[in-house]
Amino acid sequence: MTAGIQPLSENGGDVSAPRHVAIIMDGNGRWAAKRRLPRSAGHRRGAEAVREAISGALKAGVEYLTLYAFSSENWNRPQEEVTDLMGLLKLYLSREVKSLSKQGIRLKVIGRRKRLSEDINEMIERAETQTRDNKRMTLVIALSYGGRDEILDAVRSIAADVADGRMSIDDIDEARFQNSLATHDLPDPDLIIRTSGEQRLSNFLLWQAAYSEFLFLDLLWPDFTEETFASAMEEYQGRHRRFGGRP
Ligand code: IPE
Ligand code: IPE
Ligand code: MG
C-alpha cells in the first residue's frame, strides 16, 4: 500500500443489516446446458433455490425480499419456455403459499398482471389475501415486471391526477412519485444481488436502485443456497454507503 493512501474498508463496513434485499435470479438455462438438460430442468431447480433464498433471508432477519422471477422482456422467449415458466409458477403458488404463511411471510406480486392468465391472477390474489396479515417478512415476486413499465404507469397516474385537478405540477416530487410506484409500501432495496455473472439490471427496480449496493455472483441461480445468502450479508456489511452526502 502506497504511503498516505488508506484502504477504504480499514475498519470493516459501516452499515447495519439490510432491510430490503432484491435478487435477480439468473442462470437457470446455463445451469441446465452444463448438464445437457433442457432449460425447463434449470427452471425447476431454480424454483427450489427460491426456498433457499427465503430461508436465508428469514435467518438474516431481512424485512423485505424481492425476487425477479419474470421480466416484461421474458415474454419474448420461445412460447414453450414461457408456458413452462408459467406452469412452474402455478405449481409454486399452489404448493408453497401454506408454508409461506406458516413462516409468517406476506406475499406481494409486482408487475403487469394483465398479461398473466386469469387462473394465475386468481391464485395471486388468493395468496396475497391469505398472507396479508403476516408480519415476519414480505416476499415480493416481480412477475411480468419491468422497471420502465412501472415508471410509465406512475407517470400516467400522476398525469391523470394533474389533468383532473387533483394535483398541481408543483406537487410532483420524489415522495409523490415513489408513492405511485408498485413498490410504494417498501423501502428501496439496500442490496441487489444478481447471479450468473452478468452485471446488469435488466430493467429491474430502476427508480428504486438509485443508491442500492450491488453484488454480482458468478454462481448460477439453481446453485444458490442459504449459505450464499449468509455470505452476501457479510459482504454487504463490509460496505460503506454514502448516499452522496457522507464524506
Ligand atoms: C433466469 O434464468 C430465469 C428467468 C429469466 C425466467 P435464465 O432462463 O435467464 O437462464 P440463462 O440466463 O439463460 O442461463
Ligand atoms: C433477468 O434475466 C430477468 C430475470 C432474472 C427474471 P434475463 O436472463 O432475462 O436478462 P438478460 O436477458 O440476460 O439481460
Ligand atoms: Mg438469463
Side-chain angles (χ1 to χ4, degrees), residues 20 22-29 32 38-50 53-54 64-97 100 105-132 138-161 177-186 188-189 192 194-196 198 200-209 221:
H20 183 180
I23 308 182
I24 303 172
M25 309 186 287
D26 196 19
N28 294 350
R39 291 178 67 82
S40 58
H43 293 315
R44 257 200 317 277
R45 287 295 291 264
E48 287 168 27
V50 166
I54 292 172
Y64 302 88
L65 174 68
T66 298
L67 301 178
Y68 201 8
F70 193 88
S71 73
S72 51
E73 288 73 25
N74 289 152
W75 289 112
N76 301 326
R77 293 199 178 185
Q79 186 55 48
E80 196 189 304
E81 184 171 359
V82 171
T83 307
D84 271 347
L85 285 164
M86 291 300 145
L88 263 180
L89 174 68
K90 276 197 240 178
L91 201 66
Y92 184 83
L93 286 171
S94 62
R95 282 191 186 161
E96 297 290 322
V97 173
L100 292 180
I105 298 170
R106 172 172 82 107
L107 182 76
K108 174 185 167 86
V109 173
I110 57 171
R112 281 263 159 92
R113 296 209 190 175
K114 266 183 276 171
R115 292 193 75 173
L116 299 166
S117 67
E118 209 171 300
D119 55 342
I120 291 184
N121 268 306
E122 276 169 21
M123 290 174 95
I124 291 171
E125 274 162 40
R126 232 180 297 135
E128 285 181 331
T129 312
Q130 218 176 308
T131 61
R132 82 180 150 204
T138 297
L139 172 66
V140 182
I141 301 190
L143 202 62
S144 183
Y145 172 89
R148 288 182 172 178
D149 274 353
E150 185 192 27
I151 288 171
L152 286 176
D153 285 346
V155 168
R156 270 189 215 103
S157 91
I158 289 171
D161 282 346
F177 196 82
Q178 143 78 15
N179 216 31
S180 304
L181 294 169
T183 54
H184 59 89
D185 53 348
L186 315 175
D188 286 342
I192 297 179
R194 181 171 187 146
T195 58
S196 90
E198 307 298 346
R200 53 177 171 262
L201 269 180
S202 299
N203 206 6
F204 190 43
L205 302 176
L206 297 180
W207 168 277
Q208 299 87 337
W221 177 250

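It should be emphasised that the depicted structure is a prediction, and the values quoted were computed from it without experimental measurement.
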Side chains of Arg148 and Leu206 in contact at under 4.5 Å (non-hydrogen atoms): yes
So do the side chains of Phe177 and Val155 get within less than 4.5 Å of each other, counting heavy atoms only? yes
Non-hydrogen atoms of Ala22 and Phe204 that approach each other most closely: CB-CE2, 3.7 Å
Check the pair Met86 / Leu116 against side chain to side chain contact (heavy atoms under 4.5 Å, CB included), numbers first and verdict last. CA-CA 9 Å; Met86 291 300 145; Leu116 299 166; 3.9 Å; yes
Does any N or O in the side chain of Arg113 come within less than 3.5 Å of the main-chain N or O of Val109, such that one atom is a donor and the other an acceptor? yes
Has Glu118 got more than 12 heavy atoms of other residues, nucleotides or ligands less than 6.0 Å from its CD? no
Please round to the nearest 0.5 Å and tell me the distance separating atom CG of Leu186 and atom CG of Asp188. 9.0 Å
Does any N or O in the side chain of Asn203 come within less than 3.5 Å of the main-chain N or O of Gly147, such that one atom is a donor and the other an acceptor? yes
Kindly indicate, with the supporting measurements, whether the criterion side-chain hydrogen bond (donor to acceptor under 3.5 Å, both in side chains) is fulfilled by His184 and Asn179. CA-CA 5 Å; His184 59 89; Asn179 216 31; 4.7 Å; no
Going from CD on Glu122 to OG on Ser117, what distance comes out if it is rounded to the nearest 0.5 angstrom? 9.0 Å
Considering the options Thr138, Thr66, Thr183, which one meets the side chain to side chain donor-acceptor pair (under 3.5 Å) requirement together with His20? Thr66
Nearest heavy-atom approach of Leu65 to Ala53 is CD2-O, 4.0 Å
With a 4.5 Å heavy-atom cut-off, do Phe70 and Tyr145 have their side chains touching? no
Counting C-beta onward and ignoring hydrogens, is there a side-chain heavy-atom pair between Ile110 and Leu143 closer than 4.5 Å? no
Check: Asn74 side chain, Ser144 main-chain N or O, donor-acceptor pair, under 3.5 Å: no
Looking at Lys108 and Glu128, is any side-chain nitrogen of the basic one under 4.0 Å from a carboxylate oxygen of the acidic one? no
So does Leu107 get a backbone contact from the side chain of Thr131, meaning a donor-acceptor N/O pair under 3.5 Å? yes
Would you indicate whether Glu80, at its atom CD, is surrounded by more than 12 heavy atoms from other residues, nucleotides or ligands within a distance under 6.0 Å? no
Distance-minimising heavy-atom pair for Ser72 and Asp149: CB-OD2, 3.6 Å
Within a strict 4.5 Å, meaning less than it, do heavy atoms of the Leu139 and Arg106 side chains meet? no
Heavy-atom side-chain contact between Arg200 and Ile24 under 4.5 Å: no
Is there a side-chain hydrogen bond (donor to acceptor under 3.5 Å, both in side chains) between Gln79 and Thr83 once you walk through the steps? CA-CA 6 Å; Gln79 186 55 48; Thr83 307; 3.3 Å; yes
In Å, rounded to the nearest 0.5 Å, how long is the span from OG of Ser180 to CG of Asp161? 7.0 Å
Could you state the interatomic distance from CG (Leu181) to CD1 (Ile151), rounded to the nearest 0.5 Å? 7.0 Å
For Arg194 and Leu201 the tightest heavy-atom approach is NH1-C, 4.0 Å
Salt-bridge present (Arg44, Asp84; N to O < 4.0 Å): no
Are any of the side-chain heavy atoms of Glu150 and Arg112 separated by less than 4.5 Å? no
Can you see which heavy atom on Tyr92 is nearest to which on Ile141, and at what distance? CE2-CD1, 4.4 Å
Met123 vs Ser94, test: side chain to side chain contact (heavy atoms under 4.5 Å, CB included). Steps then yes/no. CA-CA 8 Å; Met123 290 174 95; Ser94 62; 3.7 Å; yes
How close do Met25 and Tyr68 get, heavy atom to heavy atom, and via which atoms? CE-O, 3.3 Å
With the side chain counted from C-beta on, respond yes when Trp221 and Ile23 share a heavy-atom pair under 4.5 Å apart, and no when they do not. yes
